[in-house]
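The structure under discussion appears below in the form of structure tokens.
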Amino acid sequence: MQTHDDDHDTRTSTFGEPTFSERVYRVVRRIPRGRVATYGQVAALAGSPRAARFVGFALHANPEPGVIPCHRVVFRDGSLAPGFAFGGPDRQRALLEAEGVVFTPGDGEPAGADGWRVDLDRCQWRA
């Protein structure tokens with residue numbers, strides 16, 4: 001799959017270097033059970049700090065759901081993506097809660113499907 005930005009091309013690299021998507025998958029595999037990372041955090045750790053949106057594109061095409069734990073990636077405010085590719089935000093929340101991730105009520109702004117956010121102070125991965 002090719003994105004609209006050649007710097008974040010998700011096609012296979014022809015020079016032996018990992019593609020952006022491959023770098024994203026490597027980072028996401030490292031997020032421990034019971035922790036989350038933000039899209040921006042994953043982008044920075046993958047070497048492209050301004051590519052948070054492209055992290056979402058890569059995770060939506062996750063080639064190994066269940067192996068690459070894309071459910072552990074959330075928005076910068078702790079809210080869940082309404083388009084979670086593998087069962088929707090309710091499924092994402094259930095997976096996270098089963099790992100011990102703590103949620104708190106939103107502060108009036110839309111915060112995921114049901115107004116709750118991951119408590120990033122307690123559950124954000126400090127890579």
Side-chain angles (χ1 to χ4, degrees):
M1 176 178 124
Q2 183 175 353
T3 66
H4 297 288
D5 184 332
D6 289 337
D7 290 339
H8 304 101
D9 192 343
T10 58
R11 294 177 297 182
T12 303
S13 172
T14 57
F15 299 107
E17 294 186 24
T19 65
F20 177 75
S21 292
E22 291 166 341
R23 294 193 319 264
V24 166
Y25 301 146
R26 287 179 185 172
V27 170
V28 173
R29 279 187 176 107
R30 294 176 34 217
I31 303 169
R33 183 177 174 82
R35 297 285 180 214
V36 298
T38 66
Y39 289 96
Q41 182 181 0
V42 171
L45 291 169
S48 297
R50 298 177 53 99
R53 183 174 302 247
F54 291 98
V55 169
F57 294 150
L59 294 179
H60 197 74
N62 182 349
E64 299 178 90
V67 175
I68 300 169
C70 60
H71 66 281
R72 296 182 186 150
V73 182
V74 300
F75 288 129
R76 67 180 174 205
D77 66 354
S79 60
L80 306 180
F84 177 63
F86 305 99
D90 291 336
R91 177 70 179 139
Q92 183 179 12
R93 181 171 176 179
L95 291 167
L96 292 171
E97 287 181 326
E99 295 181 358
V101 172
V102 178
F103 284 78
T104 59
D107 60 5
E109 290 293 314
D114 58 2
W116 291 76
R117 294 187 170 113
V118 170
D119 185 339
L120 293 177
D121 290 335
R122 292 174 61 185
C123 298
Q124 187 169 11
W125 177 44
R126 309 291 179 204

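- Here the shortest heavy-atom pairing between Pro82 and Pro89 reads O-CD, 3.4 Å.
- A salt bridge is defined here as a Lys NZ or Arg NE, NH1 or NH2 lying under 4.0 Å from an Asp or Glu carboxylate O, and Glu97 with Arg93 meets this definition.
- With hydrophobic clusters built from ILVMFWY side chains whose heavy atoms lie under 4.5 angstrom apart, Val102 does not share a cluster with Val73.
- Expressed to the nearest 0.5 Å, how far CG of Leu96 lies from CG of Leu80 amounts to 6.5 Å.
- Between the side chain of Tyr25 and the backbone N or O of Glu64, no donor-acceptor pair lies under 3.5 Å.
- Residues Val118 and Cys123 approach most closely at CG1-CB, 4.0 Å, considering heavy atoms.
- At least one cation-pi condition fails for Arg72 and Trp125: the charged atom is not both under 6.0 angstrom from the six-membered ring centre and inside a 45 degree cone around its axis.
- Closest approach of Pro69 and Val67 over heavy atoms only: CD-O, 3.2 Å.
- Note: Phe75 CZ to Thr38 OG1 = 11.0 Å, rounded to the nearest 0.5 Å.
- Using a cutoff of 4.0 Å between basic side-chain nitrogens and carboxylate oxygens, Glu99 and Arg35 are not scored as salt-bridged.
- Using a 4.0 Å cut-off between charged nitrogen and carboxylate oxygen, Arg23 and Glu17 do not count as a salt-bridge pair.
- Here the side chains of Gln124 and Val74 are not in contact, with every heavy-atom distance at 4.5 Å or above.
- Smallest separation of non-hydrogen atoms from Ala37 and Val42: CB-CG2, 3.9 Å.
- Between Gln41 and Leu45, the closest side-chain pair of non-hydrogen atoms falls below 4.5 Å.
- Both tests do not hold together for Arg117 against Phe103: distance to the six-membered ring centre under 6.0 Å, angle to the ring axis within 45°.
- Residues Ala52 and Ala43 share a closest heavy-atom pair of N-CB, 3.7 Å.
- Side-chain contact between Val24 and Leu59 is present, with at least one heavy-atom pair separated by less than 4.5 Å.
- Ring geometry for Phe54 versus Phe20: interplanar angle over 60°, hence perpendicular rather than tilted (30 to 60°).
- Between Asn62 and Ile68 the shortest heavy-atom distance is ND2-O, 2.9 Å.
- In this structure, the side chain of Glu22 engages the main chain of Thr19 through a donor-acceptor pair within 3.5 Å.
- Although no hydrogens or angles enter the test, the distance criterion places a donor-acceptor pair under 3.5 Å between the side chain of Gln92 and the main chain of His71.
- By the 6.0 Å contact criterion, CZ on Arg29 is enclosed, its count of non-hydrogen atoms from other residues, nucleotides or ligands being greater than 12.
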